[in-house]
Protein chains: 2
Amino acid sequence: MATKIGIREVAKAAGVSVTTVSHALNDATSSRVNPQTQQHVRAVAKDLGYAPNRLASGLRNQRSQILGLVSDEITTTPFAGAMIRGAQDAAYERGYVLMVVNSGRDPELENREIRTLQQHQVDGIVYARMYHQGVSLPAELGTLPTVLLDAATADRSISSVVPDEVAAAETAVEALIKAGHTRIGMLSNIDNIPATHGRLQGYRNALDRHGLQFNPELVTAGVPDTTAGREIALELLQRPERPTGLFCFSDRVAMGAYQAAAALGLRIPEDVSIVGVDNLELIAAALWPGLTTVALPHYEMGRWAVTRLLDDIEGPATAAVQEMFSCPLIERGSVGPPPD
Amino acid sequence: MATKIGIREVAKAAGVSVTTVSHALNDATSSRVNPQTQQHVRAVAKDLGYAPNRLASGLRNQRSQILGLVSDEITTTPFAGAMIRGAQDAAYERGYVLMVVNSGRDPELENREIRTLQQHQVDGIVYARMYHQGVSLPAELGTLPTVLLDAATADRSISSVVPDEVAAAETAVEALIKAGHTRIGMLSNIDNIPATHGRLQGYRNALDRHGLQFNPELVTAGVPDTTAGREIALELLQRPERPTGLFCFSDRVAMGAYQAAAALGLRIPEDVSIVGVDNLELIAAALWPGLTTVALPHYEMGRWAVTRLLDDIEGPATAAVQEMFSCPLIERGSVGPPPD
DNA sequence: TGACAGTTGCAAAACGTTTTGGATACTGTG
DNA sequence: CACAGTATCCAAAACGTTTTGCAACTGTCA
């Protein structure tokens with residue numbers, strides 16, 4: 001730990017110039033250095049525990065090997081972890097590292113944070129939002145390569161990735177249909193976001209596809225949390241023609257449905273089957289019986305976002321692409337045949 | 001967006017040297033520049049939208065203004081978000097930015113990641129672990145300033161912050177005692193971690209302090225998840241002398257206790273009162289009635305960790321300190337007077 | 001033997017800052 | 001009028017890399 005060892009120390013120790021060291025370590029193919037010297041230099045470098053200073057090389061190369069990840073409230077949700085891990089893993093594999101920054105809902109703060117990232121010369125930015133339609137990007141981003149995570153721009157001008165909400169709902173509802181249910185209710189969301197419309201659409205698609213009639217009487221909506229879920233489920237389950245299957249907007253809502261069923265003395269899945277959306281371990285695996293649900297692929301989306309970003313940065317320019325990820329069904333114990 | 005504007009562009013535009021620009025922008029106090037010129041330079045810089053290149057200044061100053069945050073599986077838990085946000089907020093306020101990296105359980109990967117952070121010349125590292133005792137730091141860290149988040153070293157050689165498990169349990173159990181309970185059971189954890197011992201200790205302390213006898217018959221332990229929680233709760237609630245209050249190792253375990261109570265036809269809190277630990281919104285607020293629990297202050301611990309780290313980095317050397325954070329009681333609806 | 005091509009190595013410039021050690025002009029003093 | 005002292009500014013070096021252009025050497029061929 002005497003002196004910080006840099007490229008000159010290696011050069012001195014190996015008896016060559018810094019130029020040669022640099023060539024030996026980086027340009028594997030370059031014929032500017034004798035294979036023997038190269039090998040020697042590498043050995044010496046390893047011996048000394050040489051680690052290049054990335055500030056210096058970033059400065060010289062105009063490439064920091066840093067990616068910015070800016071996000072809004074999404075970091076307060078249980079999904080944040082998976083998304084960020086996906087992004088990180090992908091970045092790591094390609095020699096990049098992530099600078100994570102979150103702004104809550106404050107656009108002023110967000111702009112300052114973006115400027116900070118730019119001062120650190122990030123090579124690109126992953127812009128993660130709670131999925132709303134028509135996100136508009138802050139002007140600060142300028143020409144910096146960017147991709148949207150869990151959101152999309154109205155004009156489709158930059159690449160983005162979101163879950164396929166429609167297909168997710170179809171999968172969920174079809175799980176009920178395949179179990180034999182024909183009177184399937186939905187506990188929907190009142191928020192005007194893509195997930196609401198997409199999942200409702202998927203619900204209708206699945207009914208249609210299997211020759212079941214859509215019945216507005218079987219759909220209610222509320223705030224997508226457990227308390228509201230319990231209330232609207234209570235109401236729905238007390239309608240004269242009680243549904244035997246319930247498609248819930250989210251796992252949290254489904255938890256409310258469990259509570260409602262318990263309050264009414266209905267057993268799951270014998271009396272009523274339930275499926276959710278999200279696959280929140282904390283809830284889906286904890287409920288009793290376990291909740292059958294479709295998983296939102298946050299890890300995979302995080303991965304995709306930085307992979308795409310790095311392709312943009314390192315490769316030739318290509319057209320923006322809007323990606324949709326499908327959501328697999330996770331079967332636990334909340335779906336069974338309908339009572340007769 | 002013609003040419004990237006650097007300090008020279010500002011200098012040229014302001015009709016002064018780069019030296020003067022640098023002085024004008026940084027050294028507010030230095031008398032090396034005439035107040036008028038300083039003001040002028042600043043105006044010009046703002047006009048041009050000048051933003052210093054932190055790679056360059058980092059290189060020159062041997063200070064990157066970057067902090068590394070390395071973590072293990074903790075990023076897969078629901079707590080990660082809050083911890084990281086706390087750390088980030090504190091960093092941001094002092095002009096630093098966070099590089100987040102997670103290694104799962106792979107020490108090999110972790111070492112490589114730490115080396116990467118060092119290549120980026122991070123000024124210090126927050127090392128976040130699931131709270132185990134006697135964490136040992138990877139040798140790679142060398143002399144880099146480090147603070148431990150949610151863990152502590154055996155030798156107390158570096159600063160660390162953990163929740164005060166004992167006090168947390170005392171708070172929780174006292175909530176039951178104050179409501180009038182005298183037969184209080186505990187659903188404990190079988191893992192050999194500080195949380196297990198600390199919370200058990202706190203449970204005993206609280207009983208002692210209020211003249212209640214500790215009764216081993218009222219304590220069972222299991223894996224700290226909902227399924228196991230249900231089972232051990234079922235067992236405990238069927239003992240001849242049924243406890244009227246239950247102190248649960250965690251909110252997930254408490255959720256299992258809710259299920260057990262429901263299975264036995266016991267109402268909460270009329271027949272049995274329950275308190276947990278963690279304050280996981282997803283569970284505690286969703287249960288019905290809401291779960292009274294003590295909150296683990298992850299956000300605050302994250303904040304403390306980087307604040308302390310920055311003090312170490314920027315200030316004079318001080319002795320390592322082991323910090324314990326207290327855990328406030330969050331009252332919802334699961335505690336009431338015991339049945340008579 | 002001399003010209004030439006190919007190989008291998010190096011010195012030096014550049015990336016965008018910060019800071020040191022002057023230089024210059026101005027102020028007042030003896 | 002010379003002089004020290006002060007205020008203001010600047011040129012140049014440095015941080016640790018990468019890369020360009022050039023030099024030295026080797027061997028080949030006429």
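Chain naming here is simple, since letters A, B, ... match the order of the sequence lines and numbering starts at 1 in each. In what follows, every heavy atom counts, from backbone to side chain, and hydrogens, waters and symmetry copies are set aside.
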Q: Summarise protein proximity over nucleotides 17-26 of chain C in one line of letters, 5' to 3': B for base, S for sugar-phosphate only, - for none, counting protein heavy atoms closer than 4.0 Å.
A: BBBBBB----
Q. D:dC9 P sits how many Å from B:Q39 CD, rounded?
A. 13 Å
Q.
Is a donor from one side chain sitting under 3.5 angstrom from an acceptor on the other, for B:R54 and A:S64?
A. no
Q | salt bridge (charged side-chain N to carboxylate O under 4.0 Å, His left out) contacts in which one or both residues fall within residues 103-112 of chain B, not counting sequence neighbours | A | B:E73-B:R105, B:E108-B:R112, B:E110-B:R129
Q | Atom-to-atom span, CD of B:Q121 to P of C:dG16 - whole angstrom | A | 19 Å
(Q) Please list all pairs meeting salt bridge (charged side-chain N to carboxylate O under 4.0 Å, His left out) that have one or both residues in residues 114-125 of chain A, counting only residues at least two apart or in different chains. (A) A:R115-A:E140
Q) Would one find a side-chain N or O of B:Q62 under 4.0 angstrom from OP1 or OP2 of D:dG16? A) yes
(Q) The criterion is side chain to side chain contact (heavy atoms under 4.5 Å, CB included); which residues satisfy it with B:N53, sequence neighbours excluded? (A) A:L59, A:Q121, B:L55, B:A56
Q: Determine to 10° how strongly the helix from C:dT1-D:dA30 to C:dG30-D:dC1 is bent, judged from the axes of its five-pair ends.
A: 80°
(Q) Tell me the interatomic distance from A:L25, atom CG, to D:dT19, atom P, rounded to whole angstroms. (A) 13 Å
Q: Starting at atom NZ of A:K4, determine the distance to atom P of D:dG16, rounded to an integer number of angstrom.
A: 10 Å
**Q.** Expected output: side-chain B:Q119 to main-chain A:A51 donor-acceptor under 3.5 Å
**A.** no
Q.
If I take atom CD in residue B:Q65 and atom C1' in nucleotide D:dC15, what distance separates them, rounded to the nearest angstrom?
A. 15 Å
Q: To the nearest Å, give me how far apart NZ (A:K12) and C1' (C:dC10) are.
A: 16 Å
**Q.** Test: B:R94 and B:E314 ion pair at under 4.0 Å
**A.** yes
Q | All pairs passing ring-ring contact (aromatic ring centres under 6.0 Å, His included) where residues 48-87 of chain B contributes a residue, at least two apart | A | B:F79-B:H298
(Q) If you count every heavy atom of other residues, nucleotides or ligands that lies below 6.0 Å from A:R8 atom CZ, does the total exceed 12? (A) no
